Amino acid sequence: MNFSKVCTILCGIILGVSFSAQAQSIPETGSFGIRANLTGQNSIEMPYMLNESFSLAPYIGFSTTQDQSTNVGIGIRPRYYTSTSNALSTYFTGTLGFTNTSFSNANNSITDFNLGVGYGAEYFFSDQFSISADANLNSRFGDSATNLSTGARVSATFYF
């Protein structure tokens with residue numbers, strides 16, 4: 001084993017131990033946060049803890065491709081936490097929203113409705129910061145062709 005692999009493994013172990021030593025549980029009822037999706041999707045969420053096992057996260061997303069199209073999406077993503085006593089909490093999630101796509105080369109747009117369900121886990125490093133990952137089954141229907149797809153998201157959340 002070379003020196004760089006040993007250093008990488010040791011750094012990973014030290015980092016993991018330091019995070020687990022500071023681990024917390026789900027934020028208190030009434031906590032508000034901001035969540036950024038680190039993979040796959042281009043939206044910002046604003047989760048609000050309604051109680052110790054349920055949160056609602058309104059979201060807004062925006063993307064544009066020069067001289068082609070502009071996408072704007074809004075909706076809500078609820079989370080129902082199935083375990084709430086540990087730093088690692090599992091949850092069921094969903095998506096309810098819509099996306100509008102405007103095309104630059106044509107004077108038209110399409111609107112699609114988004115509906116999805118999923119399951120994931122969130123690890124709370126402190127009462128103010130967490131990382132989560134979930135797998136989803138999504139459906140899109142509306143002006144464009146109906147679509148059924150799978151997806152995965154990794155997100156970071158900062159709670160106030």
Side-chain angles (χ1 to χ4, degrees), residues 15 19 22-84 86-160:
L15 190 61
F19 281 144
Q22 299 173 6
Q24 302 290 318
S25 61
I26 290 177
E28 296 179 8
T29 299
S31 294
F32 174 76
I34 187 163
R35 178 177 297 137
N37 295 314
L38 305 174
T39 60
Q41 297 178 354
N42 56 347
S43 62
I44 299 292
E45 300 175 26
M46 294 151 284
Y48 178 77
M49 295 299 296
L50 293 170
N51 59 42
E52 65 184 29
S53 61
F54 190 72
S55 74
L56 285 177
Y59 71 87
I60 186 165
F62 177 81
S63 67
T64 186
T65 303
Q66 185 176 357
D67 298 328
Q68 290 184 13
S69 64
T70 300
N71 297 313
V72 177
I74 62 169
I76 194 158
R77 290 190 177 108
R79 281 188 181 180
Y80 176 74
Y81 293 91
T82 57
S83 64
T84 59
N86 299 322
L88 181 64
S89 297
T90 57
Y91 59 85
F92 289 100
T93 187
T95 300
L96 179 61
F98 76 91
T99 304
N100 181 274
T101 304
S102 300
F103 300 97
S104 301
N105 57 359
N107 206 8
N108 67 348
S109 66
I110 58 173
T111 301
D112 292 316
F113 296 93
N114 304 307
L115 184 63
V117 296
Y119 186 74
E122 187 167 4
Y123 187 82
F124 295 91
F125 294 102
S126 71
D127 58 351
Q128 291 186 311
F129 181 72
S130 68
I131 296 227
S132 59
D134 49 60
N136 301 280
L137 177 62
N138 302 303
S139 176
R140 181 188 73 211
F141 51 94
D143 293 339
S144 62
T146 299
N147 181 338
L148 187 62
S149 63
T150 58
R153 297 182 321 138
V154 176
S155 306
T157 307
F158 181 79
Y159 293 94
F160 302 98

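Position 1 is the first residue of the sequence; numbering continues from there. Just so you know, these numbers come straight off a predicted model, no measurement behind them.
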From OG (Ser139) to CG (Leu115), nearest 0.5 Å
6.0 Å

What pairs of residues pass the salt bridge (Lys or Arg N to Asp or Glu O under 4.0 Å) test when at least one of them lies in residues 86-112, not counting sequence neighbours?
Asp112-Arg140

Atom pair CZ/OG of Phe32 and Ser55 - distance to nearest 0.5 Å
12.0 Å

Contact between Asn114 and Asn138 at the side-chain level, heavy atoms closer than 4.5 Å - yes or no?
no

Is the side chain of Thr93 donor-acceptor paired with the backbone N or O of Gly118 at a distance under 3.5 Å, no angle test?
no

For Tyr119 and Phe92, I'd like to know if the aromatic rings sit close, meaning centre-to-centre distance below 6.0 Å.
yes

Sequence neighbours excluded, the answer for side-chain hydrogen bond (donor to acceptor under 3.5 Å, both in side chains) partners of Asn147 is none

Asp143 (side chain) donor-acceptor with Thr111 (main chain) under 3.5 angstrom:
yes

Whether the Thr101 and Asn71 side chains hold a donor-acceptor pair (N or O, under 3.5 Å, no angle test) is what I'd like checked.
yes

Glu28: what forms a side chain to side chain contact (heavy atoms under 4.5 Å, CB included) with it, not counting sequence neighbours?
Ser31

Set of residues satisfying side-chain hydrogen bond (donor to acceptor under 3.5 Å, both in side chains) with respect to Tyr59, sequence neighbours excluded
none

Partners of Thr70 by side-chain hydrogen bond (donor to acceptor under 3.5 Å, both in side chains), sequence neighbours excluded?
Thr64

In the structure I gave you, are the side-chain heavy atoms of Tyr159 and Ser126 within less than 4.5 Å of one another anywhere?
no

Aromatic ring proximity, centroids under 6.0 angstrom, Tyr81 and Tyr91:
yes

For the OG1 atom of Thr157 and the CD atom of Gln128, what is their distance to the nearest 0.5 Å?
12.5 Å

Calculate, to the nearest 0.5 Å, the distance between atoms CG and OG belonging to Asn37 and Ser43 respectively.
4.0 Å

Could you check if a side-chain atom of Phe103 sits within less than 4.5 angstrom of a side-chain atom of Ile110, using non-hydrogen atoms only?
yes

Check the pair Leu137, Leu148 against side-chain contact (heavy atoms from CB on, under 4.5 Å), reporting the backbone distance first and the verdict last.
CA-CA 7 Å; Leu137 177 62; Leu148 187 62; 4.0 Å; yes

Please report the interatomic distance CZ(Phe125) to CD1(Ile131), rounded to the nearest 0.5 Å.
5.0 Å

Residues in side chain to side chain contact (heavy atoms under 4.5 Å, CB included) contact with Leu56, at least two apart in sequence or another chain
Leu50, Phe54, Ile76, Pro78

Assess the residue pair Glu122 and Arg79 against the criterion (side-chain contact (heavy atoms from CB on, under 4.5 Å)); give the C-alpha distance rounded to whole Å, side-chain angles, the decisive distance to 0.1 Å, and a yes or no.
CA-CA 11 Å; Glu122 187 167 4; Arg79 281 188 181 180; 2.8 Å; yes

Is a side-chain donor or acceptor of Ser89 paired with a backbone partner of Ser83 at a separation under 3.5 angstrom?
yes

Pair Glu45 + Arg153: basic N to acidic O under 4.0 Å
yes

With a 6.0 Å cut-off (strictly less than), is the heavy-atom count around CZ of Phe141, excluding the residue itself, greater than 12?
yes

Would Thr65 and Ser63 satisfy side-chain contact (heavy atoms from CB on, under 4.5 Å), going step by step from the backbone distance to the final call?
CA-CA 7 Å; Thr65 303; Ser63 67; over 6 Å; no

Looking at OG of Ser104 and CD of Gln66, how far apart are the two atoms once the value is rounded to the nearest 0.5 Å?
9.0 Å

